[in-house]
Undergrad: 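Below you will find the structure I want to go over with you.
Throughout, protein chains are lettered first and strands after them, A, B, ... in sequence-line order, and every chain is numbered starting at 1. It should be emphasised that the depicted structure is a prediction, and the values quoted were computed from it without experimental measurement.
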Amino acid sequence: MMASSYSAKDEDGHITVSGPGGGTLRNKKPENTAFKQQRLPAWQPILTAGTVLPAFFIIGLIFIPIGIGLYVTSNNIKEFEIDYTGDDTSSPCYNCAQNFSWNNTKSCTCIIPFQLDQPYESNVFMYYGLSNFYQNHRRYVKSRDDSQLNGNIDSLKKPSKECEPYASVDNKPIAPCGAIANSMFNDTLKLFYNDPNGTSVPILLTSTGIAWWTDKHVKFRNPGGNNANLTAVFQGTVKPVNWHRPVYELDTDPENNGFINEDFIVWMRTAALPTFRKLYRIIQKNNNMAPTLPRGNYTLVVDYNYPVRSFEGRKRMILSTISWMGGKNPFLGIAYITVGSVCFFLGVVLLVIHHKYGNRNNSANISN
Amino acid sequence: MTWRSPLALVRDALRGQRARENELRSLESNLPYEGLEKGKQPNRYFTSNAIKTTKYSLLFFIPMNLYEQFHRLANLYFVGLVILNFIPQVNAFQPEIALIPICVILSLTAMKDAWEDFRRYQSDRKLNNMPCFIYSRKEKQFVERCWKDVRVGDFVKVVCNEIIPADLLLLYTSDPNGVCHIETANLDGETNLKQRTAVSGVCNTHPKFEPESFKGIVVCEKPNNNLNHFKGYVEKPDKQKVGAGIESLLLRGCTVRNTDHAVGFVVYAGHETKSMLNNSGPRYKRSKLERRLNIDVFFCVILLFTMCLIGALGHYLWLNAMPVVPPYLVPPTSGQLDSPSLASFYMFFTMIILLQILIPISLYVSIELVKISQIFFITNDIDLYDEETDSRIQCKALNITEDLGQIEYIFSDKTGTLTENKMVFRRCSIMGTEYPHKENDGKLFQKISRTSSSSLSHSQKTDAYLDFFLALAICNTVVVSMATSQRRRVSAQNAGSIFKFCKRKPKRNRTFTEDSEEHFQPSGQTEGVRTTGLQPCSLHPPSLSDKPALTSDNLRYEAESPDEAALVYAAKAYGFTLLSRTPDSVSVKLPSGEVLDFEVLDTLTFDSNRKRMSVLVRHPITKEYVLYTKGADFAIMELLGTPYAGMLRLDGNKKNIATVTQRHLDCYAKEGLRTLCIAKKVVSEAVYKRWSVDRKKAMAAIEDRERLVMDTAVQLETNLTLLGATGIEDRLQENVPDTIQALREAGIKVWVLTGDKPETAVNIGYACGLLEDEDLVINMAAVFQITCTNILDCTLEEVRRYNADPRNVDTTLNMSLVIDGLTLDKALSPDLLDRFVALVKHCRSVLCCRVTPLQKSRVVKVIREKLKVMTLAAGDGANDVNMIQAADIGIGISGQEGMQAVMASDFAISRFKHLKKLLLVHGHWCYTRLANMIIYFFYKNVAYVNLLFWYQFFCGFSATAMIDYWLMIFFNLFFTSLPPIMFGIMDKDISAEMLLGVPELYKTGQGEGDYRFTTFWVSILDAFYQSLVCFFVPYLVYQDSDIDMFTFGTPLNTSALFIILLHLSIEIKSWTVVHWIIMLGSVALYFIVTLAYSAVCVTCNPPSNPYWILQSQMEDPMFYLICILSTVVALLPRMYIHLQIYYYGKATISRTGVNQH
């Protein structure tokens, strides 16, 4: 840019002449500021034994108690798990599992007795668990229409193409569309307490409050508002292929029906890992004195609808009390204890090294 | 516009093409054709003077800019990914979203380009519309037009202090001698005035210049970019040819000085002018680090492909293991699932899209940003600012800052680089007698006067003294200007008056000469004049304080080389004042106050082959044709004829002046003085006449002109009579020994390549600490190849024996080599090259003397290629340009010798001592900063991408991302982009004081440096480890729980942010306010943006449902426990190893400390 460069020079010269300084040509001198001279006051963390050793010991001292706390908390959580997949001939659900496929409309019931060795205090959460079910498959995760689920009428009539091939049947839109909804878990689980006196008492299972509040009230909405006549609103849509009932018949409670059915909402929150559990029901603590689930024999009655044998999946029912840290998980506690101990150990090692080289350093200083 | 057949148009275009491509161009004046349509113009084929440096036009900006940008491989990669994303079988994200990064990058670059282009457009427009005067036949005078209206064949008038609009062949100037001075500072940065002479006799100039009288044809060569060369002639209607060279060409962009006005014929216009052809844009050099970086990017590509292959293979196995189609496997719209092999084939590409950020595209943008900031800091360093010249360091190459930290060899010029290049006249030897000169010291004058008075009777001898000083004053190309007048920025009026003053003076002198011719015809009287001329010199020696006259006091000499100026000033100090110089005459004021006006018949200019210059003058009194020659001692000595005849006869003493002078010269050289010999020759008229015919022929030649002109010069420069020699001191620059000492401690080998003689070089070598007294100095000066071989073999054997000696385990042989140009040629011959290189590897320093510019660059190239080292060449003169361009880094020192070196350099400094801070501090910083930043970038991308990769093992290798895509983009674009850039710009691993105080620290950057193969892989492994921790801690916590996908991703993303930023915190060595703000700001930005996004986005980005996820996570203590645990576990090894290294380093330092004491 020869051309531009000399015009620039001329300008510079002009400034020099007309500037207030007049004769001074010191205009090119760089500013002597801390920033431009890279002399900003700086803190240089020097890794010395004095700063690092305490850090290691402090990490150790903090982590070990936290780990112990977590471990104890986790151990206090009571959890009971029962596998009812029915791939074993001895299993009560063997027959149901053998004969079952998606197309069956007739439900098959199996009864599984079990025993709780400890009484379950406070609220008990009832989960169903699936294994080897990849709810996180990329195509599967995409196969939904959030705006349809948010009550958008247009999307209800014309689901997003992401839902393909579960978007429509015979040119009728599917509500709710997509593979996630289509594969919704539809076993029904019932729990009975076998009183020592021989009677079988059904346990009250609360089916609300199991989904996120924001999901239930913000993300998921029935088309035409929550008080509309769902049957009328869903007129012109068809149920997902694998469903036995249309979406507006999921529950009798209008607050828990249609898209805002909590079982449905829970299912739609796709699990992160192929082995997962999902909250099914909550057993509320009803009596301050008695445990929610006392020790004893129980019966789990399953309406076996959901086939998992085809992909070697497993189904479980889980009963668990929860604490502030959620469900039972010894890992975090152990991990904290381990890391704390390692830090402590490293601190000791460093202390030794420090002593070793620190002395040498001193000798060097002396020789100076 | 009349209609013309397309055939005619094509024919015309072809003819134009041919005219432009032709080796010789014939140009006619436009004036006879004025007003005619374009097709009739004789010079219509040549470009007009309007310039267009813009790259784009408004209409085609977008397509052209995109085309330009897609030349970059990185952008193509990005676009390829976007295209992949639009293929439904393959896409991983919403195709529209995938467009965002590439659009951001492309539009940012386009905006930058557009702005730059707009600035170019503005400057073009400004230039094109600058006013100038073009002769119009209609109006019979020069009319004001714009630059863009200038065409080839026009007559353009330029006035004082105006910029020349096009390359003009000078036809007329207001100066009666046809001289025009120009300043070429805009072209090559040289501020001295250059004299240009009008081509005479092609136009009527009396009484008024009439362009219409120009009837000739200008024949000139094809446009080229050589600023110092032009070949052409004017063919007059009578077929007579008048030669014209560069001395008649006014170049576009130069400024007219000291000349009221001048008229020229436009030969080249617009883009064909020499200044525009020279304008080749910024230089592009690739730094060593960048070459290394590209290899690592290649490794990343391999890594990416491996990971994608694993993904594809995993997907295939996963699909194959499935007995029937499970409900979660969604068939495509067609309803039919792809076969496992096809699906995994598609998966390969999907994986590429998913893991694309493994190739750090943002790295290139960041590196550019960092380098610009590094240059900002370098240019703003107050320590690299020179008060005296008011100049900062200039960084011409923008992308090799980090190479400054890896230099292993420095090749330095001597004159002007190590020394001041401010020449001070120190000693002279006249007729075999040696006189020291000290400023303000009367001794010298007394000595001269004593010698002069003692030999007053021998007029012949004093004649030699007179001749000696006359030669000093005359034999040069110095331009005289007035010291009082501000040459720059004088208003037109002012300039005019000064100009008139200058103009008047020669005239008066001429009348004086004419008078003297009339009155002092007899030879006897001439002698009288001569004696009286010298008498005041001997009786009343003029001293510096006692300035002769006001006019000569105000004179200022502008010389092309400082030596010339020094000699002219020296002559002035002895009373021989050069008053004025025109191409035809030189006026010198003698000590007596008389003014002698010599007619200059010819000037045989300096060239590097002859290494001398001569001026042929006609003595105003004796009417003798005298040739004064000045040149390098060996260039003069070989041309000496008989010793000074009169001297021999009169003294009766047969001492050979040449021998004595040679001895003096050797003395001077030992003192480190620069030597020149002065000689004279009286030419008979017949010889002159014969010679001048040849000379004219040579000057008008268009083929091989330089050689012919040189040959004529050599013809005349024979049988010279030695007058004497001068010794000029060139002082060392301040702090040179100190700087060289520091550079050596830093493990850099310093070589000096100089055109001076070995004695001078060795002397300077000792003075600046390159050579030390206890050093073994090997002097290689071999005439024959065989001697050269012997010296090399012997020395190598010596080195081998020394190193084999068990007593010398810890010490190395302090050996230095001094080699001269001739021997160097032999040593660099193919069969000796390896031995030479092997030898110099052991040398502490090497001095090459009497080397040509070509040899300089040869040496640099050989060392660079054979030893595979990083080289730096520093020089200040035009003779260093080759070397500067051959080295990895070229440093130009803006000194006294013009600006060619600076123009060719990558960095321009004003003092040699600046090299110390530039290399030891800035070089080290730039290198470590950039190297660490690059490694960090690789680490960062690998660590983050691997989170996604590990997840593939738990989602059937289906390329699912558990992190919202927007957040992923933001993560790279906003949350983690600024800290590494800041790290690259501002980190200081060691303070400047420490780096300057302990130059050994520089060694960390040499050779492989910080940025090594292992460093790269260690950080990649660390990235793998950290991502494993970052993924598996949450995984193990949330295993078999009711966690959903994107909630699972949140602690992952958050702890990844903490790990990545804290990892950087471990690497940052000094924390300033800026660091804290940027670090904390990045974390704050992450939480603010993510929280806002999860609060607002209810259904906006399917399939991820970010709504309220982070909020609900932040209510959960587990989230914090996970983040803390994974951060600590991920960083523990690095922290621990850093500590170990610290202790190890401390231990080594203390151990060496013990050893030293």
Undergrad: Closest heavy-atom contact between B:L1125 and A:Y336?
TA: N-OH, 3.6 Å

Undergrad: Nearest 0.5 Å, what's the CZ-CG distance between A:R138 and B:L354?
TA: 8.5 Å

Undergrad: Atom CZ of residue position B:F1032 - does it have more than 12 heavy atoms of other residues, nucleotides or ligands inside 6.0 Å?
TA: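 Yes, enclosed.
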
Undergrad: Rounded at 0.5 Å granularity, tell me how far CG in B:D1042 sits from CD1 in A:I210.
TA: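 CD1 of A:I210 is found 10.5 Å from CG of B:D1042.
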
Undergrad: Mark yes when over 12 heavy atoms from residues, nucleotides or ligands other than A:K161 sit less than 6.0 Å from its NZ; otherwise mark no.
TA: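 Check fails, neighbour count at 12 or below.
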
Undergrad: Where does B:L1132 contact chain A at under 4.5 Å (heavy atoms): side chain, backbone, both or neither?
TA: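 Answer is side chain: those atoms of B:L1132 sit under 4.5 Å from chain A.
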
Undergrad: Heavy-atom distance under 4.5 Å to chain B: side chain of A:Q38, backbone, both or neither?
TA: both

Undergrad: Counting only heavy atoms closer than 4.5 Å, note whether A:V141 contacts chain B via side chain, backbone, both or neither.
TA: both

Undergrad: B:F376 versus chain A, heavy atoms under 4.5 Å apart: side chain, backbone, both or neither?
TA: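 Looking at B:F376, just its side chain touches chain A.
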
Undergrad: Counting C-beta onward and ignoring hydrogens, is there a side-chain heavy-atom pair between B:M1118 and A:L332 closer than 4.5 Å?
TA: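 In short, these two side chains touch, coming nearer than 4.5 Å.
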
Undergrad: Which atom names give the shortest non-hydrogen contact between A:I66 and B:L1121, and what distance separates them?
TA: CG2-CD2, 4.0 Å

Undergrad: Quick one, A:V349 and B:Y1136 - any side-chain contact, counting heavy atoms below 4.5 Å?
TA: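 A side-chain contact under 4.5 Å exists here.
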
Undergrad: Identify which part of B:V1129 has an atom lying under 4.5 Å from any heavy atom of chain A, answering side chain, backbone, both or neither.
TA: side chain

Undergrad: Would you mind checking which part of B:I1109 comes under 4.5 Å of any heavy atom in chain A, side chain (CB onward), backbone (N, CA, C, O), both or neither?
TA: both

Undergrad: At a 4.5 Å cut-off on heavy atoms, which part of A:I318 comes close to chain B: side chain, backbone, both, or neither?
TA: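 It is neither, since no heavy atom gets under 4.5 Å.
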
Undergrad: For this output row, return yes or no: ring centroids of B:F957 and A:Y134 closer than 6.0 angstrom.
TA: no

Undergrad: What residue in A:R39, A:E164, A:K36 has the most heavy-atom pairs under 4.5 Å with chain B?
TA: A:K36

Undergrad: Sort A:W212 into side chain, backbone, both or neither according to what part of it lies under 4.5 angstrom from a heavy atom of chain B.
TA: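 Only the side chain of A:W212 comes within 4.5 Å of chain B.
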
Undergrad: Without swapping roles, check the side chain of A:Q44 against the backbone of B:W1071 for a donor-acceptor pair under 3.5 Å.
TA: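 The answer is no, because no donor-acceptor pair under 3.5 Å joins these two groups.
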
Undergrad: Among A:A55, A:P274, A:A167, A:A179, who wins on heavy-atom pairs under 4.5 Å with chain B?
TA: A:P274

Undergrad: Would a 4.5 Å heavy-atom cut-off, applied to side chains only, mark A:L40 and B:V1073 as touching?
TA: no

Undergrad: Atom CG of A:L273 and atom CZ of B:F953: how far apart are they, to the nearest 0.5 Å?
TA: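 Spacing of CG (A:L273) from CZ (B:F953) equals 14.0 Å.
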
Undergrad: At a 4.5 Å cut-off on heavy atoms, which part of A:F331 comes close to chain B: side chain, backbone, both, or neither?
TA: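 The side chain, not the backbone.
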
Undergrad: Using a cut-off of under 4.5 Å for heavy-atom pairs, which of B:I1124, B:V325, B:T1072, B:V1074 has the most such pairs with chain A?
TA: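 Highest number of heavy-atom pairs under 4.5 Å: B:T1072.
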
Undergrad: Select, from A:T270, A:N152, A:N132, the one with the greatest count of heavy-atom pairs under 4.5 Å involving chain B.
TA: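 When all of A:T270, A:N152, A:N132 are compared, A:T270 has the most.
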
Undergrad: Sort B:V1128 into side chain, backbone, both or neither according to what part of it lies under 4.5 angstrom from a heavy atom of chain A.
TA: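 The side chain, not the backbone.
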
Undergrad: Looking only at atom types and distance, does a side-chain atom of B:E387 sit under 3.5 Å from a main-chain N or O of A:K29, one as donor and one as acceptor?
TA: no

Undergrad: Is it the side chain or the backbone of B:P331 that comes within 4.5 Å of chain A heavy atoms, both, or neither?
TA: both

Undergrad: Where on A:E81 is there a heavy atom nearer than 4.5 Å to chain B: the side chain, the backbone, both, or neither?
TA: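 It is the side chain, since no backbone atom gets that close.
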
Undergrad: Look only at the side chain of B:T960 and the backbone of A:N136, and say whether a donor-acceptor pair between them is shorter than 3.5 Å.
TA: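 Between the backbone of A:N136 and the side chain of B:T960 there is a qualifying donor-acceptor contact (under 3.5 Å).
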
Undergrad: What is the minimum heavy-atom distance between B:T1047 and A:R269, and which atoms define it?
TA: OG1-NH1, 3.8 Å

Undergrad: If you count heavy-atom pairs under 4.5 Å with chain A, which of B:V324, B:V1037, B:L329 comes out on top?
TA: B:V1037

Undergrad: Determine the minimum heavy-atom distance between A:Y140 and B:V330, stating which atoms define it.
TA: CA-CG2, 3.6 Å

Undergrad: At a heavy-atom separation under 4.5 Å, does A:K278 approach chain B through its side chain, its backbone, both, or neither?
TA: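 Only the backbone of A:K278 comes within 4.5 Å of chain B.
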
Undergrad: Of the backbone (N, CA, C, O) and the side chain (C-beta and beyond), which part of B:L384 lies under 4.5 Å from a heavy atom of chain A, both, or neither?
TA: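 Nothing of B:L384, per the 4.5 Å heavy-atom cut-off to chain A.
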
Undergrad: So which atom in B:T379 and which in A:P30 form the shortest heavy-atom distance, rounded to 0.1 Å?
TA: O-CG, 4.0 Å

Undergrad: Determine whether the aromatic ring centres of residues A:H137 and B:W318 are separated by less than 6.0 angstrom.
TA: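 Yes.
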
Undergrad: Identify which part of A:N329 has an atom lying under 4.5 Å from any heavy atom of chain B, answering side chain, backbone, both or neither.
TA: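 Just its side chain gets close to chain B.
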
Undergrad: One thing to verify: whether A:R277 and B:D1040 come together as a salt bridge, which I'm taking to mean a side-chain N less than 4.0 angstrom from a carboxylate O.
TA: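 Judged by the 4.0 Å cut-off on N to carboxylate O distance, B:D1040 and A:R277 do form a salt bridge.
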
Undergrad: A side-chain contact here means heavy atoms from C-beta on lying under 4.5 Å apart; do B:Y328 and A:F311 qualify?
TA: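 A side-chain contact under 4.5 Å exists here.
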
Undergrad: Contact between A:F276 and B:S1041 at the side-chain level, heavy atoms closer than 4.5 Å - yes or no?
TA: no

Undergrad: Measure A:L70 against the heavy atoms of chain B and call it side chain, backbone, both or neither at under 4.5 Å.
TA: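 Just its side chain gets close to chain B.
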
Undergrad: Sort A:V342 into side chain, backbone, both or neither according to what part of it lies under 4.5 angstrom from a heavy atom of chain B.
TA: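 Interface part for A:V342: side chain.
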
Undergrad: Tell me, out of B:K988, B:H1075, B:Q1111, who's got the most heavy-atom pairs with chain A below 4.5 Å.
TA: B:K988

Undergrad: Report the C-alpha separation of A:F35 and B:F377 in whole Å, then their side-chain angles, then the decisive distance to 0.1 Å, and conclude whether the ring-ring contact (aromatic ring centres under 6.0 Å, His included) test is met.
TA: CA-CA 9 Å; A:F35 176 71; B:F377 279 126; 5.4 Å; yes

